[in-house]
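For reference, the structure discussed in these notes is given below.
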Amino acid sequence: MYQQPEQSRWTGRVDSVSDERAFRLHQRIRLLDLSQPLAPMERAAALIGFACDEGVRRNQGRQGAKEAPAAVKAALGRLPWHLPQGASIFDAGDVVCVDGQLEQSQAELGKAVARLLRSGAVPVVIGGGHETAYGHYLGVREALGPNARLGIINIDAHFDLRPYDNGPTSGTMFRQILDEDKQVGYCCLGIQKLGNTAALFADAQRYGCEYMLEEQLTAGPMEAAYEQIERFASAYDGVMLTICMDAISAAAAPGVSAPSPFGLAPSLVRALIRRVVSHPNTISVDLCEVNPLVDEGGKTVALAAAFCFEILLHLQCWQGDPSLRCRHHGGS
């Protein structure tokens, strides 16, 4: 299920071959083959794709998100390089879902994320449907160990707490995690009433989930969201951020499984991303639900690439002592 990275995918405009101030990301990307032993890394982030939308299919959404890793990486490669001296960005290839084997592909993604974390790199997972988040979680839990307290921050219009009696989908991940792992806390930013039944709100309360509604974020001061992020993230040994692109207004992000007429503005989501990824407890990120097959003029792909750019730019591991982040979580 693992596909090695290919240099041929990283192309774009070249303004200079010698002046690094004029470089774009495709000129600085390095390849990382996860089928080979990994050396310890510092001040490094690694992009890993999850080419899967089987969970979306099972959830009766619009399929096509499996095409996102290639499309988003291509758009990201064309953006300018603004990372600090000594920063390294790797393409760690893709995990591909074969023949509808969702659970197996999630387990494979978990192994990849765990290996990256143990090597010292920050994984940035590009989905795929939001079932990506469960595979991401498996890797984070493996790297942190069973006793560490893990906080999950989800920027999303939906709780994704649906029952999974008939198997997991792109709408069940966080219920699965909370049922399996009592050391996890869950905070969701951007929840919409029109996207969740009253039963799901009741389930969120029963599971002890924290959340802010889309209208609270849109109409209220950002300081309230920042305070919630700070308080939540500081309570855990590690935090993973997961971003569902259907949290964003359909005007800016039409190419998703479930477009939202009352979604968040991209600038607001950018502010949330910056705040979460710069927190010293945040150790990994995923971005999900980009569907290039139904995108309009590449809007959603371009926005997802811009969010990945913001993630890379604001990671805590570029700040000060690298031992504060990008830290070694055990053997490789």
Side-chain angles (χ1 to χ4, degrees), residues 1-3 48-72 94-113 123-141 152-181 184 186 188 190-191 195-197 200 203-204 207 240-248 253 255-260 284-295 300-301 304:
M1 289 181 168
Y2 175 66
Q3 292 184 347
I48 174 79
F50 188 57
C52 174
D53 55 14
E54 172 62 16
V56 175
R57 185 193 69 79
R58 296 182 187 183
N59 203 27
Q60 303 177 35
R62 299 194 297 178
Q63 288 181 257
K66 66 183 179 181
E67 309 296 333
V72 174
D94 303 294
V95 173
V96 179
C97 181
V98 180
D99 297 329
Q101 298 179 76
L102 172 59
E103 295 86 346
Q104 295 90 330
S105 63
Q106 288 171 321
E108 189 71 21
L109 176 60
K111 293 176 185 177
V113 168
V124 178
V125 186
I126 303 174
H130 209 176
E131 64 265 27
T132 302
Y134 185 75
H136 178 189
Y137 153 77
L138 291 175
V140 172
R141 174 49 76 200
I152 299 176
I153 296 178
N154 180 25
I155 300 175
D156 200 340
H158 307 98
F159 285 117
D160 290 333
L161 288 170
R162 294 183 182 181
Y164 49 96
D165 299 340
N166 297 320
T169 74
S170 62
T172 65
M173 309 80 59
F174 302 112
R175 191 183 191 114
Q176 292 174 258
I177 293 168
L178 293 169
D179 282 344
E180 297 168 10
D181 194 334
V184 168
Y186 179 43
C188 196
I191 287 294
N196 300 272
T197 64
L200 287 170
D203 286 338
Y207 278 103
M240 57 173 271
L241 171 64
T242 177
I243 304 161
C244 185
M245 292 292 287
D246 70 16
I248 298 155
V256 297
S257 172
S260 175
S284 58
V285 185
D286 71 60
L287 184 145
C288 305
E289 295 287 355
V290 177
N291 185 341
L293 301 186
V294 294
D295 204 6
T300 315
V301 168

Over all heavy atoms of both residues, which pair between [X] and [Y] is shortest? Give the atoms and the distance, please.
X: P69; Y: G128; answer: CD-N, 4.0 Å
X: L287; Y: M245; answer: CD2-CG, 4.0 Å
X: A71; Y: P292; answer: CB-CG, 4.0 Å
X: I191; Y: H158; answer: CD1-C, 3.5 Å

Give a yes or no on whether the backbone of [Y] and the side-chain of [X] come within a donor-acceptor separation of less than 3.5 Å.
X: D160; Y: T169; answer: no
X: D295; Y: V301; answer: yes
X: N291; Y: R62; answer: yes
X: Q101; Y: V98; answer: yes

Using side chain to side chain donor-acceptor pair (under 3.5 Å) as the criterion, list what pairs up with Q3, not counting sequence neighbours. none

Steps toward side-chain contact (heavy atoms from CB on, under 4.5 Å) verdict (L178, Y186): CA-CA 8 Å; L178 293 169; Y186 179 43; 4.2 Å; yes

Please round to the nearest 0.5 Å and tell me the distance separating atom [atom1] of [X] and atom [atom2] of [Y].
X: I155; Y: T242; atom1: CD1; atom2: OG1; result: 9.0 Å
X: Y137; Y: M240; atom1: OH; atom2: CE; result: 9.5 Å
X: I152; Y: D181; atom1: CD1; atom2: CG; result: 8.0 Å
X: I177; Y: H136; atom1: CD1; atom2: NE2; result: 9.5 Å

Do [X] and [Y] come close enough that some side-chain heavy atom pair is under 4.5 Å?
X: F50; Y: D286; result: no
X: E289; Y: S170; result: yes
X: K66; Y: V56; result: no
X: V113; Y: V140; result: yes

For D156 and H130, test the side chains for any donor-to-acceptor distance below 3.5 angstrom and give the result as yes or no. yes

Any side-chain donor-acceptor pair under 3.5 Å between Y134 and E180? yes

Looking at residues at least two apart in the chain, or sitting in another chain, which of them share a side-chain contact (heavy atoms from CB on, under 4.5 Å) with L102? C52, E54, R58, S105, Q106, E131, P168

Output all residues satisfying side-chain contact (heavy atoms from CB on, under 4.5 Å) with R162, sequence neighbours left out; order by chain, then residue number. N59, T172, L200

Against I243, only a single residue in I153, V285, I248, N154 fulfils side chain to side chain contact (heavy atoms under 4.5 Å, CB included); can you say which? V285

Just checking Q60: does its CD atom have more than 12 heavy atoms from other residues, nucleotides or ligands closer to it than 6.0 angstrom? no

